[in-house]
Amino acid sequence: MSNSVGHNLLNQSLFQSKINSSGIPANTLFQAKSVHQVTAQARKSPISKKFCGNTLNVQKPKLAMGSCRPITAIPRGVLTTDPPSNQLARKFNLDGNIEMQVYVNSSTPGSATQVDIRVAYSGDSLTLHWGGIKDRKEKWVLPSRHPDGTKVYKNKALRTPFVNSGSNSLLQIEIDDPTIQAIEFLLVDESQNRWFKNNDDNFHVKLPAKEKLISNASVPEELVQIQAYLRWERKGKQMYTPEQEKVEYEAARTELLEEVARGTSIQELQARLTKKNDGGKIEEPSGSDTKAAKKSESKKVFRTERIQRKRRDLMRIINKHATKPVDEAKFVDEEHPAKPKPLTAVELFAKEKEEQDGGSILRKNIFKINDKELLVLVTKPAGKTKVHLATDFKEPLTLHWALSASKAGEWSEPPANTHPQGSVALNGAVETQFRPSSTDSAYEVQSIEIEIEGESFKGMPFVLNASGNWMKNQGSDFYVDFGVEHKKAQKDTGDGKGTAKALLDKIADQESEAQKSFMHRFNIAADLVNQAKDAGELGLAGILVWMRFMATRQLIWNKNYNVKPREISKAQDRLTDLLQNVYANYPQYRELLRMILSTVGRGGEGDVGQRIRDEILVIQRKNNCKGGMMEEWHQKLHNNTSPDDVVICQALIDYIKNDFDIGVYWKTLNENGITKERLLSYDRAIRNEPNFRRDQKDGLLRDLGHYMRTLKAVHSGADLESAIQNCMGYKDEGQGFMVGVQINPISGLPSEVPDLLRFVLEHVEDKNVEVLIEGLLEARQALWPLLSKPHDRLRDLLFLDIALDSTVRTAIERGYEELNNAGPEKIMYFISLVLENLALSSDDNEDLIYCLKGWDQAQNMLKSKSNDWALYSKSILDRTRLALANKAESYHRILQPSAEYLGAQLGVDQWAVNIFTEEIIRAGSAASLSSLLNRLDPVLRKTANMGSWQVISPVEVVGYVVYVDELLTVQNKVYSKPTILVAKSVKGEEEIPDGTVAVLTPDMPDILSHVSVRARNSKVCFATCFDPNILADLRASEGKLLRLKPTPADIVYSEVNEGELDAGSTNSKEDTPSLTLVKKKFTGRYAISSDEFTSDMVGAKSRNIAYVKGKLPSWVGIPTSVALPFGSFEKVLSEDSNKAVAEKLETLKKKLKDGDFDSLKKIRETVLQLAAPPQLVQELKMTMKGSGMPWPGDEGEQRWVQAWTAIKKVWASKWNERAYFSTRKVKLDHDYLCMAVLVQEIINADYAFVIHTTNPSSGDSSEIYAEVVKGLGETLVGAYPGRALSFISKKNDLDSPQVIGYPSKPIGLFIKRSIIFRSDSNGEDLEGYAGAGLYDSVPMDEEEKVVVDYSSDPLMVDGNFRKTILSSIARAGSAIEELYGSPQDIEGVIRDGKLYVVQTRPQM
């Protein structure tokens, strides 16, 4: 596309990007602020194949045209201007007594259209506020050709002053853009702010249509490009928008065609434009060439209004790279500490000198130089400063050194009395030879000792020389500071549990060195990357925490050290190169690595860092601003550039753009965390405010905009335009002494990526953000395959993807206003966009992808007007919230311990430590997604008639409000007063504390979960609240006495006085049942078949399953069962082979009775030590085989070991905390509790269900309530988050089930053919006591946790299948209730469409 100005200058487009408070570009970690980026890039030669001016600046227009009011669709006062040349078009009366005349000429082909405006107005401040109109669009375009004195007004309009001539004001404008069909304007007297309009609308003047040039004339495209370049130079190298580039390009073509029409030959044009007279010949294009040129021309500027998104299989972007458990061997084991490493020769030397000098140690650093060490030890004995240097280098080594008197790092020649023996004084420095240690020394080193009297010197710079080779500290001079280091007072650092402690300790030890400069910090970080990688996710989390503290200015950026910008850039380059290598080889850590990269600048290729020094000098010279603030900033930039410089540059740009308003300068600085005190704190302080002349405005805006790109190239890796330029390639030639930069395009980019990136730049400031986000995500999707495999430019691709990710987030924040009055379909679409963005940035994103597929299905249901669209959408919303909660918990687990430990080590402000993880989450896409979900939730609940509550146990109560984070933490507590618990988290398996009359929670336990059943059994009000405002109000009512009045779908609460307490509370301690158990005895057999199940041998669970066998319809399957009867555990324990285990158990049980509840865990562990009597093994084998069940031992001894372990775990569950405290609450004698074990073959279920044959929420006995999950039923009755599919079915119409809730559980449990050992105690299903589920059922094999995809599940997508399955569940429940004659609580599974019942019990 050689004929496209816009195409060739993609990377020069101006747009708004974002920076955060640290000057680092906005990303998932930082609060953003808008920054304007002005850049320019091209070749200097006029014969360039590309029209790319060397300082051409391209600016993206911001909003629609800028008239003082919105333009109506029907213009008034339209002037039709087709009459002869210079004809008066029309007269207007302004305010009744001011006449305006407008003349429009009829231009010749290729020439400009001239518009003359004459107003009978004598004031000298009359201005034309105007713009051009194309294709009947209301949006004004700004012609590139306009009269002198014209200013661009807010990128929306042009303002051109009239020329005063006596009693008239005159103005002539020329329009050379053939695509502009009209101009619109208003008049304004700026001194009086007086506007002149055309009947409250714009004046609208049509321009004459251009006559077509000779259709068969054409010129070579390379000549058009040169002519366009010359026009641009002729016009002062202005900043062009992409649209203006196109106009300029076509105007250049028109000029050349006019010359051809007047008889100029192509050869003459070539000679003039290229200044060649050598007879070089350019062939005139043939017809086919002309067609090709036109085809190319049609594609040259990317102006698509909306991209067409590809339909991609979302499964292709699934990442299942969950991080592995931390290798404990990487850390210090405090109980068994590793043997200390022997001291190196250098360390032995340091130890000896420390003991000899006996004074305080000022500095001690050991530098790595290749595989050798260099010690610098500074001590302070009795009024002297001693510097010891030692190294294990073998070859001769020379120290080239000086002293710093006035400022750190300066080279001043040391006084003669400081020279060690044999030193040679040079001009400004000294050279001293290292001397080897004595032959009788215990170590072999070379060393130097320098002794300095008094306090005259700040430090010592030095370098080393070995055989003519100079050695430096990562490219810079070594420097030793003689000052006393003042460390922040350290807080209690804790034990470092949950962190890579050894790494964090090393970081803390090296922080004083890292504070010298960014170069030092980045090089130290690079040295630690391998150790962090070896420590796993916690190691990389430590690096992230450290870099994040740096980026948020919690750590010192620069301290008494001068460093060149190119040295910072080089250090960044080294660090990010190492990080990209870890990213490529360790996919499980990619999310952490993206976050680390986003806190570190990209670093620059082609010595971009050096340009920071060079270009500020050019700016000062070209714009004559060498003193004051600019000189102070120049000194800071030379001394130590930092991300603050991005903010300072932006503040200057904003100050100049806003008519030199100094308030704007300070506003930009302060909003990005830079105060006056911070400016003064730099080693090269900035004391003055900017003070520029108005005639410097255009030059400074152009040059500072260009400079911003250089600053961002070093400091802002995730800046969008910089990232795009690094991937698409650019070249910037130096001026004078300046170095040049050339970035080659990345090879192998998908063909659609360049156009997508152009689209993004074109729309990055659009107010309607939807099309921008679509483009950003399409670009990320296209790049995604490249990020998951090795690439020589992976780092640039990563920074581009990070920038695209960040721009999605900022666009969403900008688009919130757009959603204020949006319907659910729009909000759901935005949710899917943000969720897609989050999935593209996450390591373990399988759950997010399935949520995304769910939202796609929900939107299709809405479009097809499905009755259940809102109910289904609510389930997807709940699942998405769970996914976000899991992500937040993961971040907190990985990052917060490191933030707390390292923050304490480094003296970081406590508030920054406390909110560390919260800020990480809040600044990312997850926070935007959560906000959108909160907008949609009430809409869905209202549409689905769900209300604000789901009432699980409807009991009217009165109690005092207490707020807790987790019900689990208070389950064993006893409340002395009737208590309403507002619990943030309820998992489903907790006990309800004594004294509790109600539990209210935002969590979503299943209605048939254990805690729900126990709440109903204990007459405790239990409900889920979906409205955060109600929850906030309840939390604010803590300590107040409230009455709760539940209905099936709502809870009304009100404050009451204490006189109503006794009448309102239904759960007093006196109501607690007191139950007795009959101790069971061993009957002499270890195993029995189902035909032998009696109340003396097994519990109700086993007896019930035996009872229904053969009594239910044939389509209801019953699994084969055997059991280990009551007393088997006690009999095994009494065997001689288990005598030691029995004695240990007795000791532990005595401790338990004395209140040592830690003994519970030890008892369970002791039970697992039991050995199986041979008689038990033989009897169980015979019974199982005789019943047609497989015997585990037939598959090998290890399989029997697994089975025996499972049996023991069932017995041990008698002592789990939940069961133990539950039995104590109802005063059951725990010693009388006996455990039988029901043995069944596992059915590898497609679905599992639980039925209550009387609706538990409403108490309606005419309808069945059931819940269904994918896989095994443990996710339904256990502590697995999310809701099951729930439905009701009228008993008189069992074939018409009604779904009342779709599933939101992310996890399903699946297992291969196996055996399950179920608890069956005599303490379950007692009258008035819900003991079911307290004890464990243990499969012989571990279940596989599978992330569930409901979008392809026939139960969700096939209505007929769903009706068949749910009807069969309802009919089975009805049949079992009829068999027993009472309401039943039934568990079962579905496999290949067949229904099995695995247990039933009376409904509690």
Test your reading of the model: is there a side-chain donor-acceptor pair from [X] to the backbone of [Y], 3.5 Å cut-off?
X	Y	answer
T1001	A983	yes
Q1403	R1401	no
N860	D856	yes
K1305	Y1280	yes
T1364	N1360	yes

Would you say [Y] and [X] are linked by a side-chain donor-acceptor pair, where the criterion is simply a distance under 3.5 Å?
X	Y	result
S1314	D1341	yes
S1286	E1267	no
E825	Y829	no

Hey, does [Y] have a side-chain heavy atom less than 4.5 Å from the side chain of [X]?
X	Y	value
S985	L968	no
P824	T943	no
P1303	V1268	no
V1397	I1118	yes
S1319	K1101	yes
K874	F1026	yes
I1007	R1016	yes
W855	T880	yes

So, using ring-ring contact (aromatic ring centres under 6.0 Å, His included) as the criterion, who are the partners of Y1220 when residues are at least two apart?
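Y1220 satisfies ring-ring contact (aromatic ring centres under 6.0 Å, His included) with H1230 only.
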
- List in chain and number order the residues that pass ring-ring contact (aromatic ring centres under 6.0 Å, His included) with Y1302, two or more places apart in sequence or in another chain; answer none if no residue qualifies.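 Partners of Y1302 by the ring-ring contact (aromatic ring centres under 6.0 Å, His included) criterion, ordered by chain and then number, come out as Y872.
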
Side-chain ion pair, [X] and [Y], N-O less than 4.0 Å:
X	Y	result
D1260	K1290	yes
D878	R1283	no
D1320	R1103	no
D1358	R1362	no

Distance, nearest 0.5 Å, that separates [atom1] of [X] from [atom2] of [Y]:
X	Y	atom1	atom2	value
L314	N845	CG	CG	10.0 Å
L877	C851	CG	SG	9.5 Å
F1287	I1369	CZ	CD1	5.0 Å
I1030	L1034	CD1	CG	7.5 Å

For K1345, I'd like to know if atom NZ has over 12 heavy atoms of other residues, nucleotides or ligands within 6.0 Å.
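Count not over threshold, so no.
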
Please check if the number of heavy atoms outside K853 that lie under 6.0 Å from its NZ is greater than 12.
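Counting neighbours around NZ of K853, more than 12 heavy atoms of other residues, nucleotides or ligands fall under 6.0 Å, so yes.
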
Check: What residue among R1313, R1318, R1391 forms salt bridge (charged side-chain N to carboxylate O under 4.0 Å, His left out) with E1241?
Finding: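 Per the salt bridge (charged side-chain N to carboxylate O under 4.0 Å, His left out) rule, the option paired with E1241 is R1313, out of R1313, R1318, R1391.
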
* To do: Identify which one of E1377, E1378, E1263 satisfies the side-chain hydrogen bond (donor to acceptor under 3.5 Å, both in side chains) criterion when paired with K1291.
  =>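 So, applying the side-chain hydrogen bond (donor to acceptor under 3.5 Å, both in side chains) to K1291 and each of E1377, E1378, E1263, only E1377 qualifies.
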
Passes salt bridge (charged side-chain N to carboxylate O under 4.0 Å, His left out), D1295 versus R1371? Steps please. CA-CA 8 Å; D1295 288 330; R1371 284 188 284 114; 3.7 Å; yes

Just jot down the side chain to side chain donor-acceptor pair (under 3.5 Å) partners of [X], sequence neighbours excluded, or say none.
X	result
Q971	none
D937	R881, R941
Y891	E591

For residues 1367-1395, which residue pairs qualify under ring-ring contact (aromatic ring centres under 6.0 Å, His included), counting only residues two or more places apart or in two chains?
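Counting only pairs at least two positions apart or across chains, the ring-ring contact (aromatic ring centres under 6.0 Å, His included) contacts touching residues 1367-1395 are Y1107-Y1380.
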
Practice problem: Give the C-alpha distance, both sets of side-chain angles, the deciding distance and a yes or no for side chain to side chain contact (heavy atoms under 4.5 Å, CB included) between D868 and M861. | Solution: CA-CA 8 Å; D868 276 357; M861 291 173 71; 4.2 Å; yes

